[in-house]
Trainee: 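This structure is in structure tokens; I'll ask about it shortly.
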Amino acid sequence: MKEPDSGELDTIVAQRSSALEGEVRIGGAKNSVLKLMAACLLAEGRHMLANVPDISDVTLMCELLEAMGVTVTRADHRLVIDVPEELDTAAPYHLVERMRASIVVLGPLLARFGKARVALPGGDDFGPRPIDMHLRALESLGAVFSTAHGDISGTAEVLTGTEVVLEYPSVGATENVLMAAVRAKGRTLIHNPAREPEISDLVSFLNQMGAQVGWAGDRLAVDGVERLAPARSTDGYRVMPDRIEAATFLAAVGMCGGSLFLRDAVADHMTMLIRKLSEMEVRIVSDAAGVRATATGRLSSADVSTLPYPGLATDYKPFLVSMLTTASGVGIVTENIFTGRFRYIDELRRMGADIRTEGHHAVVRGTERLSGAPVRAHDIRAGAALVVAGLAAEGETEVAGATHIDRGYENLVSKLAGIGATITRR
Ligand code: EPU
């Protein structure tokens, strides 16, 4: 698990870098693999996943599964997950607190064992992270919940297919209700589900396990089955590529200039982002092997507004904000998903960025040059966006808190160094 550029070294030092050139391979998607791992709980037996990124959130999810009695073997970007017949259906606080995505074990546990106890996730750097929609959706299938001592306990004698209406297309709520509905009695129709590519990856994994899930227009139609079994594939189910990791490198080439090929990146998963980057004058072409991005000269500003998929993902926003700090003109950025997700802007200001925030809007006035400074990563994407900004800043930028970045990136430093960035970890 230790990477040559990670270990106990918690600071990434980025220096102003000239044009980035070469190729980077994009790894498996964090926000897919964590859910696929949870989905394994739905069936006893040996599950295999391939293209699993070597990131610390995967380590945490392994720990969570192991705490329940699952045996996980990890090597060579593969996971072998042996799920026994009986499991401890409790997800303890010390793990849930470190990774909010742990909540997605709720649906599979209820579906398979009729009970689950999961510590309530607290807030985080984006602000509060409620799970009310997860619970309401599961209740509509017949689950009953109570809370005590910081845990949420659910029971379900039987889950029955029904019409589930999500008032907002929450990614996590869609995943939880989907993983419960696959073993419910009868048909569930999920109205207003999240439609992120990671949801489609989960749907195809579940279908390979024997589930019957399909898209009915914008809705998800789930015909419950009695039993699921591990997906049959000799090489393991291949996790989809990480579109947010791809966005990180697109931002880096946008800010530093140059030409990069992102092997395995899927342009169809990033249509809105590619459109936005084109507006900002990053040229992008793609084929089945990946995405090529080229940037020369100063970028142009553009307005950015985050929305559920197929809109512009909130996870792209820190990278777009970094790019806007040195683009010519003014960009207005509106955050519609996580209202607290502007905190890292204070760090960019320390680097000379001209950004004014007002509620969930930020006005970014491009300056010719950022100025390297010590800054701190408070979450995965904001941290990576500071690293990218550091590559375009005069002098040296020290990004402390790099272990946050490790939660979602495998070898970010060596991948960037491999395409010509001046970057190290200490
Ligand atoms: N929300 C509620 N109630 C709920 C669920 C969500 O009010 O019951 C609100 C949230 O507070 C938030 C909004 O709905 O304001 C969106 O939340 P959503 O449930 O869609 O997000 P999530 O499942 O918690 C996943 C990703 C995030 C990504 C969001 C949005 C994972 C592990 N996380 O979170 O990714 O930003 O979807 O696309 O899949 C990251 O990778 O660093 C990351 C934070």
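Atoms within a ligand are numbered from 1 in the order they appear, just like the ligands themselves. Here the structure is a predicted model, which means the values were calculated and not measured.
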Trainee: Does ligand 1 have an atom under 4.0 Å from some heavy atom of R136?
Mentor: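 No, R136 has no heavy atom closer than 4.0 Å to ligand 1.
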Trainee: Mark up the atoms of ligand 1 that fall under 4.0 Å of a heavy atom belonging to I131, in ascending order.
Mentor: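 Listed by number with element: 4 (C), 8 (O).
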Trainee: Any atoms of ligand 1 less than 4.0 Å from a non-hydrogen atom of G172? List them with their elements.
Mentor: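 Near G172, the atoms of ligand 1 are 19 (O), 23 (O).
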Trainee: Looking only at heavy atoms, which two atoms of P318 and Y344 are closest? And how far apart?
Mentor: CA-OH, 3.2 Å
Trainee: Heavy-atom contacts under 4.0 Å between E175 and ligand 1: side chain, backbone, both, or neither?
Mentor: neither
Trainee: So, is F338 polar-close to ligand 1, with some N/O to N/O distance under 3.5 Å?
Mentor: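 N/O-N/O distance under 3.5 Å: no.
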Trainee: Testing the basics here: between G408 and I55, what is the closest heavy-atom pair and its distance to 0.1 Å?
Mentor: C-CG2, 3.5 Å
Trainee: Would you check whether Y168 has a nitrogen or oxygen atom less than 3.5 angstrom from a nitrogen or oxygen atom of ligand 1?
Mentor: no
Trainee: Using a 4.0 Å cutoff against the non-hydrogen atoms of T314, which atoms of ligand 1 qualify?
Mentor: 30 (C), 36 (O)
Trainee: Please state which part of D315 comes within less than 4.0 Å of ligand 1, counting heavy atoms only: side chain, backbone, both or neither.
Mentor: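 Side chain only.
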Trainee: Is there a nitrogen or oxygen of A101 sitting under 3.5 Å from a nitrogen or oxygen of ligand 1?
Mentor: no
Trainee: With salt bridge (charged side-chain N to carboxylate O under 4.0 Å, His left out) as the criterion, how do E198 and R243 come out once you've worked through the C-alpha distance, each side chain's angles and the decisive distance to 0.1 Å?
Mentor: CA-CA 10 Å; E198 292 76 16; R243 61 198 169 103; 2.8 Å; yes
Trainee: Please check whether M133 reaches ligand 1 - meaning an N/O of the residue sits under 3.5 Å from an N/O of the ligand, judged on distance alone.
Mentor: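 Between M133 and ligand 1 (N or O atoms, distance only) the closest approach is under 3.5 Å.
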Trainee: For a salt bridge (charged side-chain N to carboxylate O under 4.0 Å, His left out) check, start with the C-alpha distance between R426 and E398, then their side-chain angles and the critical distance, and finish with the verdict.
Mentor: CA-CA 9 Å; R426 64 180 181 223; E398 281 182 24; 3.1 Å; yes
Trainee: Under 3.5 Å, N or O to N or O, is K30 touching ligand 1 that way?
Mentor: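 Between K30 and ligand 1, an N or O pair is found under 3.5 Å apart.
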Trainee: Looking only at N/O atoms, are P169 and ligand 1 under 3.5 Å apart anywhere?
Mentor: no
Trainee: Please, which pairs that meet salt bridge (charged side-chain N to carboxylate O under 4.0 Å, His left out) have at least one residue in residues 200-210, sequence neighbours excluded?
Mentor: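 Matches after skipping sequence neighbours: none remain.
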Trainee: Would K276 and E279 count as a salt bridge (charged side-chain N to carboxylate O under 4.0 Å, His left out) here? Give the steps.
Mentor: CA-CA 5 Å; K276 190 54 67 182; E279 205 181 317; 3.3 Å; yes
Trainee: Among L79, D57, V52, I81, find the residue that satisfies the side-chain contact (heavy atoms from CB on, under 4.5 Å) test when tested with C62.
Mentor: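 Only one of L79, D57, V52, I81 forms a side-chain contact (heavy atoms from CB on, under 4.5 Å) with C62, namely L79.
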Trainee: Stepwise, does the salt bridge (charged side-chain N to carboxylate O under 4.0 Å, His left out) test hold for R74 with D54?
Mentor: CA-CA 9 Å; R74 184 176 181 186; D54 212 349; 3.1 Å; yes
Trainee: Would you list the pairs meeting side chain to side chain donor-acceptor pair (under 3.5 Å) in which at least one residue belongs to residues 101-119, sequence neighbours left out?
Mentor: R117-D151
Trainee: Would you mind telling me if ligand 1 is within reach of the side chain of R381, the backbone, both or neither, using heavy atoms under 4.0 Å?
Mentor: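 Near ligand 1, R381 shows its side chain, while the N, CA, C and O stay back.
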Trainee: Quick one: does G408 get a heavy atom under 4.0 Å from ligand 1?
Mentor: no
